[in-house]
Amino acid sequence: MPRGRYAPSPTGGQHLGNARTALVAWARARDAGFVVRVEDLDAARTVPAAVEGNLDELRWLGLTWDEGPDVGGPHAPYRQSERTAAYAAALATLEAAGATFACYLSRKDLRTLASAPHAGEPGGEGGRGAYGPRERAENARVAAAKAAAGKRPAIRVAVPATEVEVADARLGTLRIPLHEAVGDAVLRRADGVWAYHLAVAVDDGAMGVAEVVRGRDLLPSAALQVHLQRALGTTPPSFLHVPLLLDGDGARLAKRRGAGTLHALRARGVPPERVVGLLAWTLGVTARPTPLAADEVAAAFTVEATPPHPVVLTREALAWLEGGPTPDGPPVAGPLDAGGGGA
Ligand code: GLU
C-alpha cells in the first residue's frame, strides 16, 4: 500500500463527506505511512479554532497518523501557512523554466470574457470557463496599462495544450487535456496568497505522497497537479477519486450546513462508531449500516466494492445515526453527472 495523506482545509467543521475521504485515505495508507497536512494558506478563510478542531474530529473517528502538525515528522512543518518558502522556491523554478506569466485580469474581466459569445469550452472546475488562449490574449492587450496603473498581477502557469496521464485506482488510467480541465491556473494570487494547486503539488512531492485519495470533484485538478510535479522534478502520485456524498436535495455536502458536521453530530451524542458505520455502508463495506470502529472499516475496505456513483445521504440514513431504524439495502444512488460520478 502506498504512502498517503489527508489534507483538511480548516475553514470550519468537517462534514461527513470529509470524514469519508479521511477514512478511505487512512484505510489505504495507514500501513505505509499516513500524513495529515493542514491547508491553511488562505488566512481570510481559515478559522483558527478549526485547525486543532479538524484534527480532533479525526481522532474522534478513530484515525491515527504518522506525520502531522501535532506529532511532527521528517517533512515538517505540516501546516501550509508555515511552508511558504517552499512555494516561493517552486515558483522560482517554474519561472526560470518559462512556465509562468503575470496575469493582470481581474475576476470581473474574466467573467466578462467568459460570458462573451463564442466563449469557448466551459472549463472543468465548477463550470467556469478555463483560462486559455483568449484570456492570455486579453491579458497581453491590457497588461502594460494595468501594470503602469500600479495593479499587482497574479502569477499563472501557462499550461500546454496537451493531455496528462492520471492514474486512478478506481477509474484506471485517464488522459485529461490540461487546457480544458483547469487551464492556466493561478499559482500565486495578486494579493500574494499562494494558490492551492502549487501548494498541493509542492507538498505532495516533498512529502513523498504516493497515492492521493479525495473527492471525485477534484479529478480535473489532478491533471494540473501531475503536470506541476513533473515540471518541478518530483514524482507525481497516483489517485483514488471517490464519488461524492450528496445531501437529501442531491447537492454536494458543504461545511456551512451545520447539522451534518462531525462537531454537531458529536455534540448531539452520536457515537463515532455510528458515523464510521454509516460511512462504511456508503463505501460498500457493509450491506446495511452497522456501528463499526475505524480499524474494522480499514481492514475491510476495497476499491472494488465502492459504489461507482455518488451516494445520497437521505433523511432516513441520517436518522440512523441517532438511533432511527436501519435502512434496508444499499444507499441511494445520486446522478452520475452530479460532479461526483464515475469516469
Ligand atoms: N484541502 C483540500 C480540501 O479540503 C484538499 C484537496 C486535496 O485533497 O488535494 O478540499
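In each ligand, atom 1 is the first atom listed, and ligand 1 is the first ligand listed.
From Leu61, atom CG reaches atom CZ of Arg20 across 14.0 Å, with rounding to the nearest 0.5 Å.
One side chain, Tyr87 or Asp203, offers a donor N or O that lies under 3.5 Å from an acceptor on the other.
Each of Val182 and Val193 belongs to its own hydrophobic cluster when Ile, Leu, Val, Met, Phe, Trp and Tyr are linked at side-chain heavy-atom distances under 4.5 angstrom.
Looking at ligand 1, you'll find an N or O of Ala7 within less than 3.5 Å of one of its N or O atoms. Ligand 1 has an N or O atom lying under 3.5 Å from an N or O atom of Tyr196, backbone or side chain.
Taking the ring centre of Trp194 as origin, the terminal cationic atom of Arg189 falls outside the region bounded by 6.0 Å and 45° from the ring axis.
Under 4.0 Å from ligand 1, the heavy atoms of Leu218 that appear belong solely to its side chain. At a heavy-atom distance under 4.0 Å, no atom of Arg37 approaches ligand 1.
The contact set between ligand 1 and Ser9, taken as ligand atoms under 4.0 Å from a residue heavy atom, comprises 1 (N), 2 (C), 3 (C), 4 (O). Every atom of ligand 1 is numbered from 1 in the order shown, and the set under 4.0 Å from a heavy atom of Arg214 is 7 (C), 8 (O), 9 (O).
The ring pair (Phe, Tyr, Trp, His ring centres under 6.0 Å) search around Phe101 returns Tyr131, not counting sequence neighbours.
For the salt bridge (charged side-chain N to carboxylate O under 4.0 Å, His left out) condition, the pairs that include at least one residue of residues 88-113, sequence neighbours left out, are Asp109-Lys146.
Note on ligand 1: Gln225 sits outside its first shell, no heavy atom being nearer than 4.0 Å.
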